[in-house]
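All values derive from a computational prediction rather than experimental measurement.
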Amino acid sequence: MNIGVISMRYARALINSAVALNEEEHVYADMMTLSNSYIQVPDLRITIDNPMLSNDKKEKVLYTAMGKDACELSKKFIRLVLKEDRQSTLQFMAASYITLYRKQKNIIRGKLTTAVQVSQDTEDKLKQMVMSRTKGTVDFQTEVDPSIIGGFILEYDTYRMDASVKNSLQKVLVRLKK
């Protein structure tokens, strides 16, 4: 069976349970922490997929990877995944839950890249602009990238606005080559 299908089925079941218990935000935080743990600690996946490690030890490792404040529903979910021997897709299940939660709550991910650090006021104005256009909540991330020389790059949903000096210079270079 397809990993995407399996992970989405488990994620849907988890979000339905979380909604029924009014725990969706707490489970979202747990799945975000777990997903970040998989990204930051590549050996976590190897450890969890190790057939020589008992499920009890895997359970403890995963509880640690979710953080000390993991809710009981998230812990039950981990036990179910281990019982059903689906731990190899757990990372994808967490990512699928995050996607479903964001879709349900109309949360759009946005990213602002600038050449220098911008003020909180400027960041808030851009965030408000994105929120007014998308009619949803924006999970905004800022990044400083001196290689763009100046200006900014704003990305959200499928929209990308590149108003960087680097991009402008590249366009001029293309025109000159013609």
Side-chain angles (χ1 to χ4, degrees), residues 1-113 120 123-124 126-127 130-131 134-145 153-160:
M1 192 176 263
N2 188 336
I3 290 174
V5 173
I6 293 168
S7 63
M8 193 54 79
R9 284 183 183 168
Y10 276 80
R12 276 195 194 108
L14 180 59
I15 201 162
N16 290 338
S17 297
V19 168
L21 296 171
N22 200 23
E23 286 282 327
E24 64 264 31
E25 283 186 43
H26 202 152
V27 174
Y28 174 71
D30 295 343
M31 293 301 119
M32 284 290 290
T33 304
L34 181 62
S35 183
N36 288 333
S37 294
Y38 269 105
I39 292 167
Q40 294 171 356
V41 184
D43 288 342
L44 177 60
R45 183 178 184 84
I46 295 165
T47 302
I48 298 306
D49 288 345
N50 184 350
M52 300 300 290
L53 195 63
S54 71
N55 278 354
D56 290 339
K57 289 183 181 177
K58 289 179 185 180
E59 189 176 317
K60 289 176 185 174
V61 168
L62 289 167
Y63 288 172
T64 303
M66 279 194 303
K68 61 183 174 186
D69 296 329
C71 70
E72 192 56 39
L73 181 58
S74 296
K75 291 178 179 180
K76 284 181 182 178
F77 180 71
I78 294 297
R79 286 192 295 271
L80 173 69
V81 169
L82 291 171
K83 179 183 167 208
E84 297 295 324
D85 198 29
R86 297 285 191 187
Q87 62 271 11
S88 62
T89 58
L90 186 59
Q91 181 178 6
F92 303 106
M93 291 175 195
S96 296
Y97 181 89
I98 292 165
T99 301
L100 289 172
Y101 178 85
R102 286 181 176 157
K103 192 173 193 178
Q104 183 183 53
K105 300 291 184 180
N106 198 20
I107 298 172
I108 286 80
R109 297 188 75 193
K111 182 179 177 183
L112 174 66
T113 306
Q120 187 63 41
E123 187 179 324
D124 289 342
L126 284 168
K127 186 176 181 179
V130 173
M131 286 173 63
T134 61
K135 307 288 189 253
T137 308
V138 178
D139 181 10
F140 214 65
Q141 175 188 0
T142 58
E143 182 180 301
V144 175
D145 181 4
I153 301 170
L154 177 64
E155 300 170 289
Y156 64 90
D157 208 14
T158 58
Y159 179 79
R160 177 181 165 98

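Within 6.0 Å of atom CZ in R79, more than 12 heavy atoms from other residues, nucleotides or ligands are found, so the atom counts as buried in its surroundings. Crowding of E25 atom CD: a count of heavy atoms from other residues, nucleotides or ligands under 6.0 Å not exceeding 12.
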- Hey, mind stepping through L100 and M8 against side-chain contact (heavy atoms from CB on, under 4.5 Å) and telling me if it holds? CA-CA 9 Å; L100 289 172; M8 193 54 79; 3.7 Å; yes
- For F77 and M93, what are the C-alpha separation, side-chain angles and deciding distance, and is it a side-chain contact (heavy atoms from CB on, under 4.5 Å)? CA-CA 10 Å; F77 180 71; M93 291 175 195; 3.8 Å; yes
- Query: Under the side-chain contact (heavy atoms from CB on, under 4.5 Å) criterion, do K76 and L80 qualify, and how do the steps go?
  - Reply: CA-CA 6 Å; K76 284 181 182 178; L80 173 69; over 6 Å; no
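Side-chain contact check for K83 versus N55: every heavy-atom pair is 4.5 Å or farther apart. Residues V130 and L154 have side chains in contact (heavy-atom distance under 4.5 Å, counting atoms from C-beta outward). Using a 4.5 Å heavy-atom threshold, the side chains of V5 and R9 count as touching. Side-chain contact check for L73 versus L14: some heavy-atom pair is nearer than 4.5 Å. Within the 4.5 Å cutoff, no side-chain heavy atoms of D56 are placed close to those of L82. You'll find the side chain of Q104 reaches within 4.5 Å of the side chain of V19, heavy atoms only. At a threshold of 4.5 Å between non-hydrogen side-chain atoms, the residues Y101 and M31 do not count as touching.
In this structure, CE on M66 lies 13.0 Å from OG on S35, to the nearest 0.5 angstrom. To the nearest 0.5 Å, the span separating OG on S7 from CZ on R86 amounts to 10.5 Å. Rounding to the nearest 0.5 Å places CG of N16 at 10.5 Å from CD of E24. Residue Q91 holds its CD atom at 8.0 Å from CG of L44, rounded to the nearest 0.5 Å. A distance of 8.0 Å separates CD of Q141 from CG of D139, quoted to the nearest 0.5 Å. Atom NZ in K75 sits 12.5 Å away from atom CG in L62 (nearest 0.5 Å).
The closest donor-acceptor contact from the side chain of N106 to the backbone of K135 lies under 3.5 Å. A donor-acceptor distance shorter than 3.5 angstrom exists from the side chain of D30 to the backbone of C71, with no hydrogens or angles considered. Of the possible polar contacts, one joining the H26 side chain to the D69 backbone as a donor-acceptor pair under 3.5 Å is found. The backbone N or O of I39 sits nowhere less than 3.5 Å from a side-chain atom of R45 that would complete a donor-acceptor pair. Checking side-chain atoms of S96 against main-chain N and O of F92 turns up a donor-acceptor pair under 3.5 Å. Judged by distance alone, the side chain of N50 and the main-chain N or O of I46 form no donor-acceptor pair under 3.5 Å.
Between Y156 and Y159, the ring-plane angle classifies as tilted under the 30° and 60° cut-offs.
In terms of heavy-atom proximity, V27 sits nearest to A18 at CG2-CB, 4.1 Å. Here the closest non-hydrogen pair linking G136 and I108 is CA-CD1, 4.4 Å. Taking both residues in full, the closest heavy atoms of G67 and T33 are given as N-CG2, 4.1 Å, listed atom of the first, atom of the second, then distance. Among all heavy-atom pairs drawn from K58 and L53, the shortest one is CE-O, 3.2 Å. L34 approaches A94 most closely through the heavy-atom pair CD2-CB, 4.2 Å. Minimum heavy-atom separation, Y10 to E84: OH-CB, 3.5 Å.
With sequence neighbours left out, the salt bridge (Lys or Arg N to Asp or Glu O under 4.0 Å) criterion links E143 to K111. Evaluation of the side chain to side chain donor-acceptor pair (under 3.5 Å) rule for E59 yields Y63 as partners, not counting sequence neighbours.
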